[in-house]
Amino acid sequence: MSREGSLTLERGLALLQAVADAGSEAATISELAVAIGASRPAVYRLLVPLAERGLVWRDGSKVRLGVGLLRLSGQVLPQLRQAAQPVLRDLAEAVGATAHLSVAEGEQVQAIAVVEPSWTNFHVAYRVGSRHPVTAGAAGKAITLRGEPGWVATTGELQPGASGVAAPVRGLPGLRASIGVISLDPLDATAVGPKVVEAAAALTGVLS
């Protein structure tokens, strides 16, 4: 790709991000021009291919995200789930507890991938699609975690007697997620914590 083509792509992506950043309030052409440091005619030109693909739509002088993004987003979770399976399998086998990848959607956390250990007699059956507030449970609290030790441990917050340890998935812009384990037996957070941190880092490496 030529340098000119690369710059056009970069500006087009910046424009799409600016439309998204406007949230529920549609952005005007003038606002978008300021946001990406381009002229109004340049914004109009950049909008054409985005609109043709359904990624944005114009309502007069205002621009909103298009339904074409729904088709793209519908492919994200299956690909993310597939990429996480080997990482979760290794974690579940190493800890002997149900491993999961959870993603934040607004103020809710959804489990999008779950792997159960193969060698234990009993383990928690954690259903894909399970949701809970981001403020509850290790999976939710890990997503907003800052600083050390790098993981969160909870007991009995989502299921009576169940223990959880989770770590945030970092280094992937736009993804608010965590990897963790849940068990009916007490979990030694000092031993399990580094393992979930390592698993989260491994997923970042796979997706980077």
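Note that the numbering runs from 1 along the sequence shown for the chain.
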Open item on the list: Other members of the hydrophobic cluster containing V76, with the 4.5 Å side-chain heavy-atom rule, please.
Closed with: none
Open item on the list: Is there a path of hydrophobic side-chain contacts, each under 4.5 Å between heavy atoms of I/L/V/M/F/W/Y residues, joining V95 to I182?
Closed with: no
TODO: Might you point out which heavy atoms bring A189 and A153 nearest each other, and give the distance in Å?
DONE: CB-CB, 3.8 Å
Task: Contact check, side chains of V103 and L80, non-hydrogen atoms, under 4.5 Å - done: yes
- [ ] Would you give the length of the straight line joining atom CD of Q85 to atom CG of L88, rounded to the nearest 0.5 angstrom?
- [x] 6.0 Å
Task: Rounded distance [0.5 Å steps], CD in E157 versus OG1 in T155 - done: 8.0 Å
Task: Partners meeting salt bridge (Lys or Arg N to Asp or Glu O under 4.0 Å) with R89 (sequence neighbours left out) - done: E93
TODO: To the nearest 0.5 angstrom, please state how far the CG atom of L47 sits from the CG atom of L15.
DONE: 5.0 Å
Task: Closest approach of A92 to P117 (non-hydrogen atoms, all atoms of both residues) - done: O-CB, 3.6 Å
Open item on the list: Testing the basics here: between R11 and G37, what is the closest heavy-atom pair and its distance to 0.1 Å?
Closed with: NH2-O, 3.5 Å
TODO: Please collect all side chain to side chain donor-acceptor pair (under 3.5 Å) contacts where either partner lies in residues 198-208, sequence neighbours excluded, each pair once.
DONE: none
Open item on the list: Looking at W57 and L65, would you say the former's side chain and the latter's main chain have a donor-acceptor pair under 3.5 Å?
Closed with: yes
Open item on the list: Count I, L, V, M, F, W, Y as connected when their side-chain heavy atoms are under 4.5 Å apart, and connections chain through other members. Are L207 and L77 then in the same cluster?
Closed with: yes
Task: R81 side-chain N/O to I112 backbone N/O, donor-acceptor pair under 3.5 Å - done: yes
Task: ring pair (Phe, Tyr, Trp, His ring centres under 6.0 Å) pairs, two or more places apart, involving residues 181-206 - done: none
Task: Sidechain N-carboxylate O distance under 4.0 Å for R131, E105 - done: yes
- [ ] Mind checking the CG-CG spacing from L101 to L203? Nearest 0.5 Å is all I need.
- [x] 6.0 Å
May I have the list of side-chain donor-acceptor pairs in residues 26-34 shorter than 3.5 Å, sequence neighbours left out?
| residue | atom | partner | partner atom | Å |
| --- | --- | --- | --- | --- |
| T28 | OG1 | E31 | N | 3.1 |
| T28 | OG1 | E31 | OE1 | 3.4 |
| S30 | OG | R40 | NH1 | 2.7 |
| E31 | OE1 | T28 | N | 2.9 |

Task: Closest non-hydrogen atom pair, A111 against S102 - done: CA-OG, 3.9 Å
Task: Those residues that, when tested against D188, pass side chain to side chain donor-acceptor pair (under 3.5 Å) (two or more places apart) - done: T190
Task: ring pair (Phe, Tyr, Trp, His ring centres under 6.0 Å) contacts in which one or both residues fall within residues 91-120, not counting sequence neighbours - done: H100-Y126
Task: Qualifying ring pair (Phe, Tyr, Trp, His ring centres under 6.0 Å) pairs, either residue in residues 133-162, two or more places apart - done: none
- [ ] Sequence neighbours left out, what passes salt bridge (Lys or Arg N to Asp or Glu O under 4.0 Å) with E116? Give chain and number order.
- [x] none
- [ ] Write down the atom of L187, the atom of S183, and the distance for their closest heavy-atom approach.
- [x] CD2-CB, 3.8 Å
- [ ] Could you tell me the separation between the CG atom of L69 and the CG atom of L55, rounded to the nearest 0.5 Å?
- [x] 5.0 Å
Open item on the list: How close do K195 and L91 get, counting heavy atoms only, and between which atoms?
Closed with: O-CD1, 3.8 Å
Open item on the list: According to side chain to side chain donor-acceptor pair (under 3.5 Å), does anything in residues 43-52 pair up with another residue at least two apart or in another chain? List the pairs.
Closed with: none
Task: 4.5 Å side-chain heavy-atom contact, Q110 and S130 - done: no
I'd like a table of donor-acceptor pairs (distance under 3.5 Å, sequence neighbours excluded) in which one partner is a side-chain atom from residues 158-181, with atom names and distances.
| residue | atom | partner | partner atom | Å |
| --- | --- | --- | --- | --- |
| R170 | NH2 | L145 | O | 3.1 |
| R176 | NH1 | G106 | O | 3.3 |
| S178 | OG | A139 | O | 2.8 |

Open item on the list: Taking transitive links into account, so neighbours of neighbours count too, which hydrophobic residues share a cluster with I143 at under 4.5 Å side-chain distance?
Closed with: V109, V134
Open item on the list: Evaluate D90 against V115 for side-chain contact (heavy atoms from CB on, under 4.5 Å), listing each step before the verdict.
Closed with: CA-CA 9 Å; D90 289 346; V115 173; over 6 Å; no
Task: L13-L50 co-clustered via ILVMFWY side chain contacts under 4.5 Å - done: no
- [ ] Report the distance from atom CD of E10 to atom CG of L46, rounding to the nearest 0.5 Å.
- [x] 11.5 Å
TODO: Using the side-chain contact (heavy atoms from CB on, under 4.5 Å) rule, take R64 and V56 through it: C-alpha gap first, then chi angles, then the decisive distance, then the call.
DONE: CA-CA 6 Å; R64 304 178 188 274; V56 299; over 6 Å; no
